Amino acid sequence: TTSGQVRSDFLQYWDQITPENEGKWASVEGTRDQYNWSGVDRAYNFAKQNGIPFKQHTFVWGAQSPGWINNLSAADQRAEIEEWIRDYCTRYPDTEMIDVVNEATPGHQPAGYAQNAFGNNWIISVFQLARQYCPNSILILNDYNVLRWNTTEFINMATPAVNAGVVDAIGAQAHGLETQSLSELQTNLNRIAALGLPIYISEY
């Protein structure tokens, strides 16, 4: 989407749709227990009406998460994360793909509230919740600089969750690739591919 709207010429160019910001937790539940699904409704309904895949962006991220989540106890944080994922999946059960955890590489924007809630294996825990409530969706671990500057750091972060069998695919944001050499891109793509999961180019 573009600024929360679906362009009138969208289908001329694209065959999959992702909300830009309106699917992020802070956009949907800026006030605790008060949901605003209108932006997600627009994009999801557009996808269903036009027979194209819908990708949710994103469940758990250290940015654009509701401010109130940081002030809760760990137990309440766990409950609210589960409630958010459960309520999303209940409303949009036919979501084809989900960026479950976004930008969790150290130095990027990992979700400190989720680590506080679940401990050091928080990524695995969040993916397990997504699998429980959205069993038919492709669950993606999404990040930036995956193919450019932080490939090693991303692999180190992703490996425990990949080995746990909870991640379906890797999301590689495409920022910064326009000045990269083909040989470096190919080398890093092969390193990511060695994780053994499909790779989705995201935020292209």
Side-chain angles (χ1 to χ4, degrees), residues 14-20 23-25 44 47 52-63 65 81-82 84-86 88-89 92-111 114-115 118-178 180-204:
W14 310 108
D15 60 6
Q16 173 196 312
I17 193 163
T18 308
E20 180 184 22
K24 294 168 183 171
W25 194 1
Y44 183 85
I52 63 173
F54 178 78
K55 181 182 178 211
Q56 160 61 359
H57 179 73
T58 176
F59 278 170
V60 172
W61 183 28
S65 53
I81 292 168
E82 179 169 3
W84 153 235
I85 293 172
R86 181 199 71 202
Y88 173 90
C89 293
Y92 308 106
D94 295 324
T95 299
E96 282 83 359
M97 293 159 278
I98 302 169
D99 290 330
V100 176
V101 170
N102 196 48
E103 300 179 359
T105 299
H108 290 187
Q109 292 182 297
Q115 183 170 9
F118 295 108
N120 289 336
N121 289 326
W122 65 272
I123 296 172
I124 294 173
S125 297
V126 171
F127 270 89
Q128 287 171 330
L129 288 171
R131 173 62 70 230
Q132 177 182 345
Y133 291 110
C134 269
N136 300 317
S137 301
I138 296 169
L139 305 182
I140 299 171
L141 180 61
N142 190 54
D143 217 315
Y144 67 92
N145 290 353
V146 173
L147 301 174
R148 190 75 203 258
W149 295 285
N150 299 136
T151 305
T152 298
E153 293 89 341
F154 174 81
I155 290 170
N156 291 340
M157 177 275 293
T159 296
V162 171
N163 288 346
V166 295
V167 180
D168 293 328
I170 302 300
Q173 295 176 29
H175 313 307
L177 303 187
E178 66 276 8
Q180 187 176 25
S181 70
L182 178 60
S183 61
E184 183 190 23
L185 178 60
Q186 187 166 22
T187 295
N188 290 341
L189 262 172
N190 287 337
R191 292 181 65 198
I192 298 301
L195 290 168
L197 297 176
I199 301 168
Y200 288 80
I201 299 300
S202 60
E203 304 186 34
Y204 190 67

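Throughout, numbering of the chain's residues begins at 1 and tracks the sequence. Owing to the predicted nature of the structure, the values given are computational and were not obtained by experimental measurement.
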Asker: So W84 and F59, would you call those rings parallel, tilted or perpendicular, with 30° and 60° as cut-offs?
Answerer: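 W84 and F59: perpendicular rings.
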Asker: Using side-chain heavy atoms (C-beta onward) and a distance below 4.5 Å, is T152 in contact with R191?
Answerer: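 Yes, at least one pair of side-chain atoms sits under 4.5 Å.
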Asker: Between atom CG of N190 and atom CG of L185, what is the distance when rounded to the nearest 0.5 Å?
Answerer: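 It comes to 9.5 Å.
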Asker: To the nearest 0.5 Å, tell me how far R131 CZ sits from D168 CG.
Answerer: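 Reported to 0.5 Å precision, the distance equals 4.5 Å.
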Asker: Ignoring hydrogens, what is the shortest heavy-atom contact between A172 and I199? Give both atom names and the distance.
Answerer: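 For A172 versus I199, the nearest heavy atoms are CB-CG2, 4.2 Å.
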Asker: Are the side chains of L141 and F127 in contact, using a 4.5 Å heavy-atom criterion?
Answerer: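 F127 reaches L141 side chain to side chain.
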Asker: Take Y200 and D99, measure what side-chain contact (heavy atoms from CB on, under 4.5 Å) needs, and give me the verdict at the end.
Answerer: CA-CA 10 Å; Y200 288 80; D99 290 330; over 6 Å; no
Asker: Any side-chain donor-acceptor pair under 3.5 Å between Y44 and Q56?
Answerer: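 There is no such pair (donor and acceptor under 3.5 Å, judged by atom type) between the side chains of Y44 and Q56.
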Asker: Show the nearest heavy-atom pair for residues P106 and M157, with the distance to one decimal.
Answerer: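 Looks like CD-CB, 4.2 Å.
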Asker: Closest heavy-atom contact between V100 and V126?
Answerer: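 What the structure gives for the nearest pair is CG1-CG1, 3.7 Å.
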Asker: Is there side-chain contact between P19 and F54, with heavy atoms separated by less than 4.5 Å?
Answerer: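 Yes, at least one pair of side-chain atoms sits under 4.5 Å.
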Asker: If you take all heavy atoms of I81 and F118, which pair is closest and at what distance?
Answerer: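 Scanning both residues completely, I find the closest heavy atoms to be CD1-CE1, 3.7 Å.
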Asker: Around atom CG of N120, are there more than 12 heavy atoms of other residues, nucleotides or ligands at under 6.0 Å?
Answerer: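 Check fails, neighbour count at 12 or below.
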Asker: Starting at CH2 of W14, measure out to CD1 of I52 and round the result to the nearest 0.5 Å.
Answerer: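 Going from CH2 on W14 over to CD1 on I52, the span is 11.5 Å.
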Asker: Does any part of the side chain of R148, heavy atoms only, come nearer than 4.5 Å to the side chain of E184, both counted from C-beta?
Answerer: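 The answer is yes, as the side chains (C-beta and beyond) meet within the 4.5 Å cut-off.
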Asker: If we count only N and O atoms by modelled type, under 3.5 Å, do the side chains of D143 and Q173 hold a donor and an acceptor together?
Answerer: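 Not at all, the side chains of D143 and Q173 share no donor-acceptor pair under 3.5 Å.
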Asker: With a 4.5 Å heavy-atom cut-off, do Q16 and E96 have their side chains touching?
Answerer: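 Sidechains of E96 and Q16: no contact.
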Asker: Against Y133, only a single residue in Q128, E82, R86 fulfils side chain to side chain donor-acceptor pair (under 3.5 Å); can you say which?
Answerer: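 Result for side chain to side chain donor-acceptor pair (under 3.5 Å) with Y133: E82.
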Asker: Is there side-chain contact between E203 and Y144, with heavy atoms separated by less than 4.5 Å?
Answerer: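 Not touching, per the 4.5 Å side-chain cut-off.
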Asker: As a quick check of understanding, evaluate side-chain contact (heavy atoms from CB on, under 4.5 Å) for L139 and V167, giving each step before the final call.
Answerer: CA-CA 6 Å; L139 305 182; V167 180; over 6 Å; no
Asker: Rounded to the nearest 0.5 Å, how far apart are CG of L189 and CD1 of I201?
Answerer: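 Here the rounded value is 6.0 Å.
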Asker: To the nearest 0.5 Å, what is the distance between CG (L147) and CG (N188)?
Answerer: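 Output value for this atom pair is 6.5 Å.
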Asker: Taking all atoms of both residues into account, what is the closest heavy-atom pair of W149 and N145, and its distance?
Answerer: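 Here W149 and N145 meet closest at CE3-OD1, 3.1 Å.
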Asker: Checking side-chain polar atoms at under 3.5 Å, does T105 have a donor or acceptor matched by the opposite partner on N150?
Answerer: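 No pair is found: no donor N or O on one side chain lies under 3.5 Å from an acceptor on the other.
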Asker: Atom CD1 in I192, atom CD1 in I170: separation rounded to 0.5 Å?
Answerer: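 That separation rounds to 7.0 Å.
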Asker: Which heavy atom of T58 sits nearest to which heavy atom of V101, and what is that distance?
Answerer: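 Here T58 and V101 meet closest at OG1-C, 4.4 Å.
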